[in-house]
Chemist: 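Please see the structure below; I have some questions.
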Amino acid sequence: MPRLSDTMEEGTILRWLVTDGEQVRRGQEIVEIETDKATMTYESDLDGVLHLIAAEGDTLPVGAVIASVGSADASTPNAVPEAPAPAPEAAVPPPATAPAPRKDGERVKASPLARRIASEQDIDLNALSGTGPGGRIVKADVEAAVESEPTPAIGRPATARGETTEIELSRTQQTIARRMAESKATIPHFSLQMEIDMEECATLRSELKRLGQEDAPTYNDMVIKACALALREHPRANSSYRDGRLQLHSRVNVGVAVATDSDGPTGGALIVPTVFDADVKSLGEIAREARALAARVREHSITPPELGGGTFTVSNLGMFGVTSFTAIINPPQAAILSVGAVQPRPIARDDEIVAHQTMTVTLACDHRILYGADAARFLARVRELLEQPAALTL
């Protein structure tokens, strides 16, 4: 089972695109796999005869053997075993009008992505019928039931805090919780805060809109571009710490934190798609790409390749009126920039107090990679680029 994203732990085989014993070539698509974030095809990295091991509908951890590629006459004692037979209920799928009966305590058969969407949308998997292999519930089944009744909360007797309910986190939320706990426990964080005069950026946006660009770059797009240019000039901020060594990355790939909305008690999730090579893309390209990535995250159509490879992250809560906050570093990255709201504030200019659009940013850093002076120089460059945004349009 290949690792198709940085956070993937297991995947579900939805469909084999070739048959057992079929000759395959390197680069040929051989299987569709669904993770907790997306469905994608996987290509063979070898030429040879494909021997299937895992069956359609199997959910297996990353690293588990699902198939092998070898010679056509693999008949030695070490030959690849045949694919396991489908579970009994797979032979006769339940009718689409009613869920398959399940024994008490039996785990619902569902793909990781279906579980995540069901958790975010408060859909009871026990009430659904699966149309996937072996009756497994897949993404399409959950999306078709979005308007059905929400998952009932598990009630507990009232205490001094009142009645308590327990909500099971989605697989994505569990992964986020674990990674953030590991980040705080293993990375020596420190943070720097800086106020940036965004008056020129505001003027630039107004001018672009006046020229007919209704989808003019947002402030966050400008921050992404400024960070990308500063990362190119300060390579330590674009690096990672692994096993006592510093890894400097040649590409500048900026992750953009996107929250998935949910009105239910389980809440949404935080997904970080990547704007690759942001330092060499125009501001307009970044704006269009960031907007498209955010839309695919909220539509649950984002693909694993779009979620990996980040070398730095920008997290923005300014749209909620938050003026400043400190985000947790996304390991193994060196830093993350938290962006607050752009608001008018009084500042001193030419011995006068004037109202300018300003923004507070906070840079959280891994002290094993960046020291205070390094981080301060990087952040000062970000501020310089945003206060003189003409450089962002070059």
Side-chain angles (χ1 to χ4, degrees), residues 6-7 169 172-198 201 218-228 230-231 234 236-241 252-261 267-275 278 290 294 297 310-343 345 357-387:
D6 294 340
T7 60
L169 296 179
T172 299
Q173 291 170 326
Q174 293 174 12
T175 300
I176 293 171
R178 187 187 71 254
R179 285 173 60 84
M180 293 301 96
E182 291 174 355
S183 177
K184 289 296 288 186
T186 61
I187 296 178
H189 285 62
F190 77 94
S191 61
L192 302 177
Q193 193 170 89
M194 188 172 288
E195 190 170 283
I196 298 176
D197 187 341
M198 296 290 288
C201 283
T218 65
Y219 292 126
N220 203 57
D221 298 328
M222 296 177 181
V223 170
I224 293 170
K225 178 65 174 181
C227 287
L231 287 167
H234 299 270
R236 288 182 69 92
N238 194 54
S239 64
S240 301
Y241 180 91
V252 177
N253 304 330
V254 181
V256 185
V258 178
T260 59
D261 299 325
L270 185 66
I271 309 297
V272 185
T274 306
V275 178
V297 166
T311 59
F312 184 85
T313 299
V314 171
S315 181
N316 192 333
L317 292 178
M319 66 288 294
F320 299 107
V322 175
T323 55
S324 67
F325 67 105
T326 304
I328 300 174
I329 296 171
N330 188 15
Q333 296 174 12
I336 183 170
L337 187 72
S338 307
V339 181
V342 176
Q343 297 177 334
R345 297 188 183 100
Q357 298 291 334
T358 61
M359 175 180 72
T360 300
V361 296
T362 305
L363 183 70
C365 308
D366 184 340
H367 213 318
R368 298 170 300 181
I369 303 174
L370 291 171
Y371 302 134
D374 300 323
R377 282 190 286 267
F378 167 77
L379 196 54
R381 181 54 176 157
V382 173
R383 180 179 63 183
E384 181 181 15
L385 288 165
L386 289 171
E387 291 185 345

Chemist: Name all residues meeting the salt bridge (charged side-chain N to carboxylate O under 4.0 Å, His left out) criterion together with E384; count only those two or more places apart in sequence or in a different chain, and write none if there are none.
Modeler: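 R381.
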
Chemist: Restricting to non-hydrogen atoms, name the atom on L386 and the atom on C201 that form the minimum distance, rounded to 0.1 Å.
Modeler: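 Closest approach of L386 to C201: O-SG, 3.1 Å.
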
Chemist: Kindly write out the residues that satisfy side-chain contact (heavy atoms from CB on, under 4.5 Å) with V361, not counting sequence neighbours, or none if the list is empty.
Modeler: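 Partners of V361 under the side-chain contact (heavy atoms from CB on, under 4.5 Å) test: M194, I196, L337, V339, M359, L379.
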
Chemist: For S315, check side-chain hydrogen bond (donor to acceptor under 3.5 Å, both in side chains) against everything at least two apart and list the hits.
Modeler: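 By the side-chain hydrogen bond (donor to acceptor under 3.5 Å, both in side chains) rule, S315 matches no residue at all.
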
Chemist: Suppose we screen for side-chain contact (heavy atoms from CB on, under 4.5 Å). Which residues come up paired with S239, at least two apart in sequence or across chains?
Modeler: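 So S239 forms a side-chain contact (heavy atoms from CB on, under 4.5 Å) with L246, L248, A334, I369.
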
Chemist: Quick one: closest heavy-atom pair of R236 and D374, and the distance?
Modeler: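 Here R236 and D374 meet closest at NE-OD2, 4.1 Å.
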
Chemist: Under the side chain to side chain donor-acceptor pair (under 3.5 Å) definition, can you give me all pairs with a residue in residues 324-339, not counting sequence neighbours?
Modeler: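 For residues 324-339, and leaving out neighbouring residues, the side chain to side chain donor-acceptor pair (under 3.5 Å) pairs sorted by first residue read R179-N330, T313-Q333.
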
Chemist: Tell me the salt bridge (Lys or Arg N to Asp or Glu O under 4.0 Å) pairs involving residues 327-343, sequence neighbours left out?
Modeler: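 Sorted pair list comes back empty.
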
Chemist: I'd like to check the ring-ring contact (aromatic ring centres under 6.0 Å, His included) partners of Y371; sequence neighbours left out, ordered by chain and number.
Modeler: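 Partners of Y371 under the ring-ring contact (aromatic ring centres under 6.0 Å, His included) test: H367.
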
Chemist: Could I get the full list of side-chain hydrogen bond (donor to acceptor under 3.5 Å, both in side chains) partners for T360, not counting sequence neighbours?
Modeler: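 T360 satisfies side-chain hydrogen bond (donor to acceptor under 3.5 Å, both in side chains) with no residue once adjacent residues are dropped.
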
Chemist: Should V256 and V272 be marked as a side chain to side chain contact (heavy atoms under 4.5 Å, CB included) after you check the CA-CA gap, both sets of side-chain angles, and the distance that decides it?
Modeler: CA-CA 5 Å; V256 185; V272 185; 5.7 Å; no

Chemist: Can you find a pair of side-chain heavy atoms, one from R368 and one from I187, that are under 4.5 Å apart?
Modeler: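 Yes, at least one pair of side-chain atoms sits under 4.5 Å.
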
Chemist: Step by step, would you call V275 with N253 a side chain to side chain contact (heavy atoms under 4.5 Å, CB included)?
Modeler: CA-CA 6 Å; V275 178; N253 304 330; over 6 Å; no

Chemist: Shortest non-hydrogen contact from L363 to F378?
Modeler: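 The answer is CD2-CD2, 3.7 Å.
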
Chemist: Listed by chain and number, what are the salt bridge (charged side-chain N to carboxylate O under 4.0 Å, His left out) partners of D221, not counting sequence neighbours?
Modeler: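 For D221 there are no salt bridge (charged side-chain N to carboxylate O under 4.0 Å, His left out) partners, ignoring immediate neighbours.
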
Chemist: Contact between L231 and V254 at the side-chain level, heavy atoms closer than 4.5 Å - yes or no?
Modeler: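 Yes; the side chains approach each other to less than 4.5 Å.
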
Chemist: Just verifying a value: how many Å separate I336 CD1 and I329 CD1, rounded to the nearest 0.5 Å?
Modeler: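 Interatomic distance, I336 CD1 to I329 CD1, rounded to 0.5 Å: 8.0 Å.
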
Chemist: I'd like to check the salt bridge (charged side-chain N to carboxylate O under 4.0 Å, His left out) partners of R345; sequence neighbours left out, ordered by chain and number.
Modeler: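 Listed in chain order: nothing, the list is empty.
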
Chemist: Side chain to side chain contact (heavy atoms under 4.5 Å, CB included) between V342 and T358: does it pass, once the steps are laid out?
Modeler: CA-CA 5 Å; V342 176; T358 61; over 6 Å; no

Chemist: Walk me through it: do V252 and F312 pass the test side chain to side chain contact (heavy atoms under 4.5 Å, CB included)?
Modeler: CA-CA 8 Å; V252 177; F312 184 85; over 6 Å; no

Chemist: Can you name the residues that form a salt bridge (charged side-chain N to carboxylate O under 4.0 Å, His left out) with R383, not counting sequence neighbours?
Modeler: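 Scan of R383 (salt bridge (charged side-chain N to carboxylate O under 4.0 Å, His left out), adjacent residues dropped) gives none.
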
Chemist: Ignoring hydrogens, what is the shortest heavy-atom contact between V382 and A230? Give both atom names and the distance.
Modeler: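 Minimum heavy-atom contact is CG2-CB, 3.7 Å.
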
Chemist: Compare every heavy atom of Q343 with every heavy atom of G321, then report the nearest pair and how far apart it is.
Modeler: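 Of all heavy-atom pairs spanning G321 and Q343, the closest is O-NE2, 4.2 Å.
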
Chemist: With side chain to side chain donor-acceptor pair (under 3.5 Å) as the rule and sequence neighbours excluded, what pairs involving residues 185-196 come up?
Modeler: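 For residues 185-196, and leaving out neighbouring residues, the side chain to side chain donor-acceptor pair (under 3.5 Å) pairs sorted by first residue read Q193-T362.
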
Chemist: Does the side chain of D366 reach to within under 4.5 Å of the side chain of P188, using non-hydrogen atoms?
Modeler: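 A side-chain contact exists here, since the closest heavy-atom pair is under 4.5 Å.
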
